[in-house]
Every structure is written in structure tokens, then in C-alpha cells.
Amino acid sequence: MRELPKQYDPKKVESAVYQQWLDGGYFHARRDPDKKPFTIVIPPPNVTGQLHLGHAVDETIQDVLIRYKRMKGYSALWLPGCDHAGIATQIKVEEDLRVNEGLTRFDLGREKFLDRVWDWKNKYGDRIVQQLRTLGSSCDWERQRFTMDEGCSKAVREVFCSLYEKGLIYKGKRIINWCPHCTTALSDAEVEYEGKPGHLWHLRYPLSDGSGEVVVATTRPETMLGDTGVAVNPADERYKDIVGKTCILPLVGREIPIVADEYVDMAFGTGCVKMTPCHDPNDFEVGLRHDLEQILVIDDNGRIINGGKYDGLDRYEARKVILRDLEEQGYLVKVEEHIHNVGTCYRCHSDVEPLASDQWFVKMEPLAKEAIRVVEDGTIKFVPDRFAKTYLNWMHNVRDWCISRQLWWGHQIPAWYCDDCGHVTVSREDACRCEKCGSENIHRDPDVLDTWFSSALWPFSTLGWPDKTEDLEYFYPTDVLVTGYDIIFFWVARMIFSGMEHMKKEPFKTVLIHGLVRDPHGKKMSKSAGNGVDPIEVIDQYGADALRFNLITGNSPGNDMRFYVERCEAMRNFANKLWNAARYVMMNLTVEKNALPAELKLEDKWILSKLQSLIGSVNENFDKYELGLAATKIYDFIWDSFCDWFIEITKPRLREGDVGAQQVLLYVLTDILRLLHPFMPFITEEIYGAIPHEGEALIVEIYPEFDEALSFPKEEADFESIMEAVKAVRSRRAEMNVPPSKRPHITLATEKPAVFEAGKVYMANLAYAGGVNVVPQAPADTAGMVTVVTGDAKLFMPMAELVDLDKERERITKELEKAQKDIANQERKLANESFVSRAPERVVAAERDKLAKAQALAENLAESLKNLG
RNA sequence: GGAGGCUUAGCUCAGCAGGUUAGAGCGCAUGCUUCACACGCAUGAGGUCGCGCGUUCGAGUCGCGCAGUCUCCACCA
């Protein structure tokens, strides 16, 4: 047996334990036909990213589930991997290039630039994996994947082609969200709206026939260069006469039509809206209906084009100049303050420019149908289920998904354009000639796919799809997907419809949603705010187990949590507590095998019975994904039941060399380690290795199951009567400031003499009794005695001389009043006819019992009062 | 505009299907060098569970309304 240090030092233990697991090959899931599979695919972190607390929560939850299922005998696969993170990674490498070499990606050219990104990936791709290991993640590293590895790329290509062939991918001109800083299109989900103060400018557009004018209101005057019409509501009496006429666009001089369209809100502004089809999604639609001209006036860099003398100006500069000109020429009617929502890029927070552009889209409506069905009919469950509503709401209103990105880092779109006939060839193999005219004069679409396009396939591409692999056969569909609510739309939704479309089977059965980790003030953690906490530093200081336990407890599923380092300290203390409990058990151990003694004492039955209840509810909690509750219950059992009571109680027995006590201690400790292992894997494995055990490692031990044979409700209750008496004596002594050295002889009157006779030794030890005399009835003369009363017993201590009698009288009177109030309450309840007849018998019985106890208590208290004189 | 969350001890939060006396961590107070642990032990103070109405024998828990607060979605030129 190893000598354990007094304080647990996670740093000395964790890496060695992790290595032990790796050496044992325990993380690797085998396709065992005799076992049931349990699969989780990791939400792939950005390959060049660093672990933050959000990951830590996510990984901890997954690891807890995986370890639990592994111990339950499943072939538990946790499949790890990374995401290439198109925009994020490309921006980082470009930044690096700019700072260190003063180059842009265009200076290098596509191929060389991509080499650089791969270098970058290889340099940093390992860091996140190392960090996952530090946390204790039991991933199957032999199956590690990357969204741009060969297999995943093949899957992406297959999906693109198959959707294209089904007509579910199309290329079209639409208003897309354009980030002029990142110079790429963004999907709707990648745009964040921010309410910003702005203005509403009213502009005068004169009618061509000179009969008057219309006044339009706009928040973006610079887009007027691209106006190709003015719209009013067809029901608007004010403008009935001018529909069909034309007006002259100021500064530009273009003659543009006035059209009637339902889209216009009569109550807003002037009821006249300028139409800029190329720079506003609504105007684009109106423009299509009324055949308005499309003029693009802002380019990819946010500068004016097709705007005559304004060409080349930045869009916001142009706004100033145009407004000045409009005002000078008398077209500006008035300016109002106006707060409006501006779309910003989720990456760089530049204002998004809506502009008409050729992009690739996934047609969502047909795909959404199945994705809605499987959630509505419960094939896929969200936990907590309120998130199903969020999901369905989005899916019901989903718009086509813009999947092309004007980046280089990612899966290049497998489409080739024929320079001769214009035909588009979409192909699984790299094309050399046009499939229509055979021309070799073709060029490939330079754009890449949205990063989420490949992550959408993650649950099956990682298992080998599109090949029919054994892994896919065995492990798909996966069981649980664990993620934060912030990426339900980005990722979860897209995996669901992808799984249904390509696998014809849901990608997972349960989506377990957790909240965000915030700082102590409830703010989102971010680099710019400087309030981020590095999980690696926390682990360094408190240990991975403490961090894990902190993150898994003290919050409810789906809710955000605040991160307090103080809580890590508390959890570190807990680990230390367990460490010392184990150390103590080992110090006293002479047996070499974990087996219960033939004969169990009362307290043995009590702790075993408590253990069984714990096991039962922990398993239940696990099945309902209530991990925090399970963890808290284990914590309470270890600290309160096991350490504060059972260890204390068995001390005298150990001193006397009672082997049975050792056996029970070892038995309970072993079950504790098993129960706690998924949450605190390192310390439990380390202790397990130091105590007598038969298995190879704790990680592959069997998780405890409720055992009826070790459940002793009666003994449990009896022992708790004794505990109550002990607590009552302690409490009284503390109130009276009695030093521990005073060990009075206690006379204990009870109707359960057998129980308390057995409890004598505990009283002596835990309640500082000099001796205990159990009697059936209170002594005749109790004058000069302090009385302590519990539900089952009256205890008398000859210590009147140590007590302030007045204070004692006061205290007892107070207690008596409370007892009487309780009696009144109970009596009222029981006098209620409908309660007695309608409430379950068990409840009524409990109430009766309570009344009886309260009456007994009151009686005893009254007597004590009398004795005090 | 639509949807959802939160409101429980000084602070941060639990409270799983309505049923003894509403819990934890931290903090606070008092006393302990008790031979596993001061990262500890014991004891204690502190709560009209946001407000109102309702359902029920019984509501922190279920329903409705209100107030405060946060988030998401849509978006108004």
C-alpha cells in the first residue's frame, strides 16, 4: 500500500493517471456485438482555437456521460475532432501574414496561401487536443477527425453533388449579407443586429411631369444612387393619382417609376419608399414584382460604384457628401432622430452591406420538412425540451441557406464554368472538360463552402460516410449531442436535416443543451472585455476534477452560469476531503479484499442503506440528464454521511481492531469512487489504484446499481433516531458553552431501548457522554438536570450548575410554544375531513405521526420546565 | 412585433413528478491544536420562495395576470 500525502496534489496525479488510461486503451470503443453502442461526437472546436470555459463545460458534460455509459457496460464512443473554421482561421493567418511580412493573401496566391494555412493548422491543431486531455476527456483518439481531412472532404463533395442533382442546391442572384471587411458573404445566422442611433432623412423626389413631388424617408441616403423606383401602398388614397407616373432621381437625374406594392407600410414615414433593389432585400423582392432595374452602387469593399462623381468613395463618406449635395440643391426636407437595427458581422462587427450577388444556396423548404417532423414526433428530443420550441420556430421560418463564402480556406465548391458555352459542371471528380460541350476551356468556382456545411455532416462523415463502414453501421445514429443553445441554428438544425436527407435516419436521439459561462457579474466572457478565464490555469491551480465539478454543479440545464474561482476552491476542498477519507480508511486497513462482513452492525446497515438510496437516485438522475443533481447528491453523501458520520462512528471500532468496520468502510469507499468517477475521474482513479481492488482500472469498473439486499429502511430510521439525539446534545452543549472536556453521564429515557442501547457507544463518542444509562422511563427526580428532548428520547444530564437557569427556562418556553403551534397545525390538518379522505394514506399517516411526536415533545418540554422550578 | 428564461438566505445558485421543519457553496458569528483532513470539526444567526388572483385537502412547485430583468428570433424604408 502506498503512503498517501496529507494534501491531495492534482498536479502530481493527473497526467500520470491520464497516461494510465491511454496505455490501457480504455478510450477506444470496439464494435463489440455483445455490447450496446453509445456514441457522442464532439462539437469540433476550431482547429487553431484555445480551450475556453465554454468548451470546458461542453466537454465535461460529454465526458461524464461517456464515462457513465462505459461503466454501465456500453461500447462508449466519444469521437473527437476539429473544425477548420473558415473565416476565423483565414483571418488569423492573413493577420499574421500582414503583421510579419506585410503581405496579403493575394500577394501569395491561392496555393501558397493555403500551404501557409495548413502550416498554421499543423502548428496549432495539437494545442486544443492537448487541452482536452488536460480536462480528462476520454475521447477515442484513434478515431480523431478533421473537417478537411480526406474522408470529410469526400463527404462534403458527395453531399454537394447529390443535393445539386436533386435540385436542392442552386446558384442565384440574391440579396446577401456582405461583410466588406472580411470580403465574404455571410449566412443570415452569421449576422448580428445592433440597435444604433441614426437618422431618418426625408428626401424630395420631383415628379417628371412637373405636377408635384414625392417625399421618401430613408436611413441610408447613399443608396439613393441605386434607386430605380418609388413604391407606395395600393390602398393609400394620398398617392392614388401618382401611381404609374415617374419621378426624377435627384443628383442622378434618372427617371424612375412610381409603383404600388403591399409591402409599403402606410403608417411609417411618409408612406413613400425609395426602391434600391440591389441593396435591400425587400426592395429586391418589390423590384422583381415590378420589373425594376437593378443597379449595384456599392462594391465588395464598401465603396461606391456606378455612381458617377461619387465613385470610389467609402459608403459612409459618400453619405456625408450626398447629404450635403442634396441639402444644397434643396432636396432634403427634414431629418429625424431614429434608432434602427444595423446588421453587423458576427466576426469583425463591421456593418453588413446587403447587396445583390451571385451565390450558392441550399433550398431549405423540402429539407426542413423532415427536420421538423423528427423533433415534433419526438424522434429527437431536446433537453430541456423548451429548446425544441426555439428550434421549431426557426425551422418553420427557415430561409434558403447561403453556402458560398468568398474565402480560400475551406472546401472549394466543386463547380466548373465553361468559358465557351457557359454551362456549369458540378462533379464528384475534378472536372477537366465541360460536361455539355466538351470544351477544356473551363474554370473552377473560386469560392469555398460555409464551414457549417461540413460540420452539418459531422455525425456520419466522421464514421466513414459516404463509404459503408462498419463503424457507421455500429455507431450511427449517435446518442447524445451536447452543445450550447447559441449554436442550435448554426449547427444542430443543419445536422438534423442533413442526417435525415443523407442517412434517412436522425443523427442523434437527444440534444442536451447547456447555457453559457459568464463572468461573476453575469457578463459574457470575451477577449476584448478582458474578463476571460483560462481553464488551463484553473486546472493548474485547483485540478481538473475541481474545475469539472464546479462546472457541472450549481446550475440547472440550459441556464447560464456564472463562474466563480471561489467555487473551484470549494471543490478542491471536496477533493481533498475525499482524499483524506480514503487515506484514513487505508491507514486502518488490514483486509486485502473488498467484501462485506457476514455480520452488519446498526451503523453499517445505516450507511449501506443510505448508499443504496444514493445509487438509486443517481442512476435515475443520469437517465434524465440531471448531472448536476447527481453530482450534488454524491457530494453530500461523501461529506455528510460518510465522512462526518460513518467515519467518526467507526473510529472506536477500528481502534479495537474490528475487521467488519474496515470491510464496510472499504466497501462504501469503493462504491463512492465508482459513483463519483464520471465527475472526478482523476482523483477517484488514483485512490482506486491505492486501495484493494480486483479490476484493472476504475474507468472500466461497473457503475453501482441499486441493491435491494443492502437496503435497510428500518435500521436506517433507527440510526437516525440516534443521530438526532447526538445532534440535540451537541447543540445543547454548544448553547451552554460546555467545554469538550466535560463528559457528563447521560440518562436516556425512551420507548425504543434496544435502539438506544445499541447507540450508547455513539453517544459516548459523538456527544461527549461520560456514560449512558438507557431507561424505559424518565427518572422520578430530575431536578437539577438539563433535559434534551427528541422525537424518540429524553436525555438528562446533571449539569444544572453549568447553566443559567433563567436562560434555560426561556429557551424551553420558546421551544414549547413552537411545539404547541405545530400541534395546532397538525390537528387542524387532521380535522379537515377532505384531507383525511382525499390525501393518500401514506401522507395522512405521516401527519398523524408528526402530531404524535409533537405532542410527546410538548409533554416532555412541559415537564422539563416544571423541573427547573 | 414574436418566443423563451430568470426573480428563493448578505452574494451565487439548487429544489427532479405539488405532500414532514425550503437546501448548498461562499460569507458571517461562537467554540474546538478531538490521533484522515484547519483545503478541517461542531454549533448557530439569516428566507412572508417578486406581487396578485386562481386550481387543490394541501402551492416555492401547477394555471392566469402584473412588475422587474435578461436572452433569442424577426425587422420597420
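Each chain gets a letter, A, B and so on, in the order the sequences are listed, and its residues count up from 1.
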Name the nucleic acid region contacted by Glu648(A), choosing base, sugar-phosphate or nothing; use a 4.0 angstrom heavy-atom cut-off, strictly under. base
Give the dot-bracket line for RNA chain B from 5' end to 3' end: parentheses for intra-strand Watson-Crick or G-U pairs under 3.5 Å, square brackets for crossings, | for inter-strand pairing, dots for unpaired. (((((((..((((.....[...)))).(((((.......))))).....(((((..]....))))))))))))....
Base, sugar-phosphate, or nothing for Glu566(A), non-hydrogen atoms under 4.0 angstrom? nothing
Under 4.0 Å: is that the gap between some side-chain N or O of Asn282(A) and OP1 or OP2 of C76(B)? yes
What integer distance in Å separates Asn573(A):CG from C41(B):P? 9 Å
How are the rings of Phe642(A) and Phe637(A) set to each other: parallel, tilted or perpendicular (split at 30° and 60°)? parallel
Any Lys6(A) side-chain N or O less than 4.0 Å from OP1/OP2 of C37(B): yes
Reckon Ala570(A) touches a base, only the sugar-phosphate, or nothing at all at heavy-atom distances under 4.0 Å? sugar-phosphate
Regarding Val264(A), tell me which of base, sugar-phosphate or nothing describes its non-hydrogen contacts under 4.0 Å with the strands shown. base
Lys727(A)/Glu720(A) ion pair, N-O < 4.0 Å: no
C41(B) phosphate, OP1 or OP2, under 4.0 Å from Trp639(A) side-chain N/O: yes
Considering every strand and a 4.0 Å limit on heavy-atom distances, what is the contact class for Asp644(A): base, sugar-phosphate, or nothing? sugar-phosphate
Assign Asn393(A) to base, sugar-phosphate, or nothing according to its heavy-atom contacts below 4.0 angstrom with the strands shown. nothing
Hey, does the side chain of Asn580(A) come within less than 4.0 Å of A38(B)'s phosphate (OP1/OP2), counting only N and O? no
Contact class for Tyr768(A) (heavy atom, under 4.0 Å): base, sugar-phosphate, or nothing? base
Just verifying a value: how many Å separate Leu673(A) CG and Ile634(A) CD1, rounded to the nearest 0.5 Å? 11.0 Å
Salt bridge (Lys or Arg N to Asp or Glu O under 4.0 Å) assessment of Asp9(A) paired with Lys11(A): CA-CA 5 Å; Asp9(A) 183 359; Lys11(A) 263 195 272 193; 6.0 Å; no
By nearest nucleotide on RNA chain B, pick out whichever of Pro557(A) and Leu200(A) is the more 5' one. Pro557(A)
Just do the ring pair (Phe, Tyr, Trp, His ring centres under 6.0 Å) check on Phe646(A) and Tyr762(A) with the steps written out, would you? CA-CA 10 Å; Phe646(A) 192 67; Tyr762(A) 318 127; 9.7 Å; no
